[in-house]
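What follows is a single structure, written as structure tokens, with notes after it.
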Amino acid sequence: MSGGPGGDPRTVRAGRRTVGVHRPDKVLFPGSRDGDGGDVSDGSGGNGDGGDGGVAEPAKEYTKGDLVEYYRSVAPYMLPHLRGRPLMLERRPDGLDGPVFMQKNTPESYPDWITRAEVPKEGGTVVHTVCDDTATLVHLADQACLTLHRWLSRTRHLDRPDRLVFDLDPAGDDFAAVRAAAHALRALLDELRLPCAPMTTGSRGVHVIVPLDGRHGFDEVRGFARDVAEALAARHPDRLTTAPRKKDRGDRLYLDVQRNGYAQTAVAPYSVRARPGAPVAVPLSWDQLDDPRTTARRWTLADAVDQARTEPWADLPARGRSLGPARRRLDTPAD
């Protein structure tokens with residue numbers, strides 16, 4: 001990152017473009033003392049979760065410059081999950097201690113080389129930002145966009161998602177329960193012959209993602225996801241639930257499928273989360289999920305690029321599946 005004279009912004013080379021970065025020394029993630037970050041050390045150098053035990057350690061401080069450098073470095077791995085998708089941007093210009101702005105409309109001040117997608121809504125339209133290149137990702141970081149939330153469909157076919165997401169939401173910080181639920185869900189999806197892959201959320205749980213062929217509408221996809229979740233909860237009623245109200249869940253893990261609706265979003269792979277220590281939502285292999293060091297917040301802005309380089313989803317088929325055969329298997333009782 002090169003500096004400018006006086007108060008001029010510094011510049012970053014991002015692909016074929018040079019992008020200005022304003023106030024790169026601005027602290028977005030304040031550090032904490034005496035374990036105030038709420039995470040635990042598991043001996044791996046990353047953040048842990050209280051649910052797996054460990055000794056609390058301070059959260060590290062990160063600046064806007066750190067955020068810019070992270071997104072520039074992770075761009076080759078992150079952009080395939082973003083291209084062509086409308087985004088909702090979670091911005092915190094004053095850092096974690098300041099107000100949060102959930103931005104859908106693209107400001108007129110954004111450079112004209114940033115892709116936009118005009119999406120109809122009741123009474124008008126929304127012009128979403130679409131992140132198709134490294135320069136856009138760096139510009140969003142300069143705008144203090146910490147987290148990118150993506151649509152599950154692309155602009156060419158907004159009404160037909162090519163991703164299905166199960167959000168495994170534990171009642172507390174019990175990652176062992178999340179791990180067990182993810183494997184139970186994988187087993188059911190294997191029966192339906194649907195490939196899937198896990199991703200930490202950077203918060204408490206895990207997303208299990210199923211690639212689709214983009215032939216089904218949102219209502220059909222969400223209905224299928226709901227029926228899978230209900231079938232799984234029926235197999236493990238003491239541990240899993242589909243109850244939308246927290247008071248009805250007790251200590252059970254919630255199988256959330258509501259993100260599979262039109263205009264709903266899910267946190268994008270490799271997005272930084274707005275939490276102390278800057279944890280990151282990272283794709284995992286199933287073997288990595290079983291690693292006892294793995295928790296929902298294990299990877300941070302400091303080491304998530306190293307995880308990306310392992311290509312954890314390399315075994316996931318490039319082409320998504322149709323839900324037709326899976327729906328027939330789900331609806332046919334086993335002998």
Side-chain angles (χ1 to χ4, degrees), residues 29 37-40 42 44 46-52 59 70-71 74 77-78 81-82 85 87-90 92 96 100 102 145-152 163-186 196-210 225 229 240-241 244 246 249 252-261 264-286 288-291 293-305 307-308 312-313 316:
F29 297 88
D39 290 317
V40 298
D42 55 15
S44 67
N47 281 350
D49 273 328
D52 280 353
Y70 166 72
Y71 275 129
V74 83
Y77 309 98
M78 187 176 188
H81 303 288
L82 297 176
R85 299 183 187 277
L87 299 174
M88 181 173 67
L89 308 175
E90 184 175 347
R92 291 181 181 251
L96 295 188
V100 57
M102 304 303 291
C145 173
L146 305 189
T147 309
L148 286 72
H149 303 267
R150 64 173 184 166
W151 279 44
L152 302 184
R163 293 290 183 272
L164 184 159
V165 175
F166 294 94
D167 183 1
L168 310 187
D169 184 11
D173 258 345
D174 182 6
F175 197 74
V178 176
R179 186 182 289 115
H183 278 294
L185 177 57
R186 183 194 187 190
C196 62
M199 181 184 81
T200 66
T201 62
S203 180
R204 295 189 309 176
V206 158
H207 286 181
V208 174
I209 291 91
V210 179
L240 306 177
T241 181
K246 287 187 177 181
R249 300 176 198 167
R252 294 174 295 174
L253 180 142
Y254 176 43
L255 301 170
D256 185 0
V257 300
Q258 297 307 311
R259 301 182 188 281
N260 296 288
Q264 299 300 307
T265 61
V267 61
Y270 301 113
S271 278
V272 180
R273 304 309 304 270
R275 298 179 64 107
V280 174
V282 298
L284 302 173
S285 69
W286 287 101
Q288 286 177 317
L289 181 66
D290 286 337
D291 187 328
R293 296 172 298 174
T294 295
T295 64
R297 300 190 294 272
R298 176 180 174 184
W299 285 274
T300 72
L301 183 152
D303 57 9
V305 177
Q307 167 65 5
W313 285 357
L316 198 64

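All residue numbers refer to positions in the sequence shown, counting from 1. What you see is a predicted model, and the numbers here were worked out from it, not measured in a lab.
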Please name the pair of heavy atoms, one in [X] and one in [Y], separated by the smallest distance, quoted to 0.1 Å.
X: Ala278; Y: Val272; result: CB-CG1, 4.0 Å
X: Pro244; Y: Arg249; result: O-NH2, 2.7 Å
X: Gly205; Y: Ala296; result: O-CB, 3.6 Å
X: Tyr270; Y: Ala304; result: CE2-O, 4.4 Å
X: Pro170; Y: Arg204; result: O-NH2, 3.1 Å
X: Gly277; Y: Ala59; result: N-CB, 3.6 Å

Donor-acceptor pair, [X] side chain versus [Y] backbone, under 3.5 Å?
X: Asn260; Y: Val165; value: yes
X: Arg297; Y: Ser203; value: yes
X: Arg92; Y: Cys145; value: no
X: Thr200; Y: Val206; value: no

Run the side chain to side chain contact (heavy atoms under 4.5 Å, CB included) test against [X] and tell me which residues pass, sequence neighbours left out.
X: Ala177; answer: Asp174
X: Arg252; answer: Thr241
X: Ala182; answer: Leu168, Val208, Trp286, Leu289
X: Ala281; answer: Met199, Val267

Does the side chain of [Y] come within less than 4.5 Å of [X]'s, by heavy atoms?
X: His149; Y: Ser271; answer: no
X: Asp167; Y: Tyr254; answer: no
X: Trp299; Y: Leu284; answer: yes
X: Tyr71; Y: Leu148; answer: yes
X: Phe166; Y: Val257; answer: yes

**Message:** One thing to verify: whether Lys246 and Asp169 come together as a salt bridge, which I'm taking to mean a side-chain N less than 4.0 angstrom from a carboxylate O.
**Reply:**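 No.
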
If you measure from [atom1] on [X] to [atom2] on [Y], what distance do you get to the nearest 0.5 Å?
X: Thr265; Y: Met102; atom1: OG1; atom2: CE; answer: 7.0 Å
X: Ser285; Y: Leu316; atom1: OG; atom2: CG; answer: 12.0 Å
X: Phe175; Y: Thr294; atom1: CZ; atom2: OG1; answer: 6.5 Å
X: Gln307; Y: Gln288; atom1: CD; atom2: CD; answer: 4.0 Å

**Message:** For a side chain to side chain donor-acceptor pair (under 3.5 Å) check, start with the C-alpha distance between Arg273 and Thr201, then their side-chain angles and the critical distance, and finish with the verdict.
**Reply:** CA-CA 8 Å; Arg273 304 309 304 270; Thr201 62; 4.7 Å; no

**Message:** List the residues meeting ring pair (Phe, Tyr, Trp, His ring centres under 6.0 Å) with His81, not counting sequence neighbours, and say none if there are none.
**Reply:**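 Partners of His81 by the ring pair (Phe, Tyr, Trp, His ring centres under 6.0 Å) criterion, ordered by chain and then number, come out as Trp313.
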
For [X], all residues meeting salt bridge (Lys or Arg N to Asp or Glu O under 4.0 Å), sequence neighbours excluded:
X: Arg186; answer: none
X: Asp291; answer: Arg293, Arg298
X: Arg85; answer: Asp162
X: Asp256; answer: none

**Item:** Full working for side chain to side chain contact (heavy atoms under 4.5 Å, CB included) between Gln258 and Gln264
**Value:** CA-CA 8 Å; Gln258 297 307 311; Gln264 299 300 307; over 6 Å; no

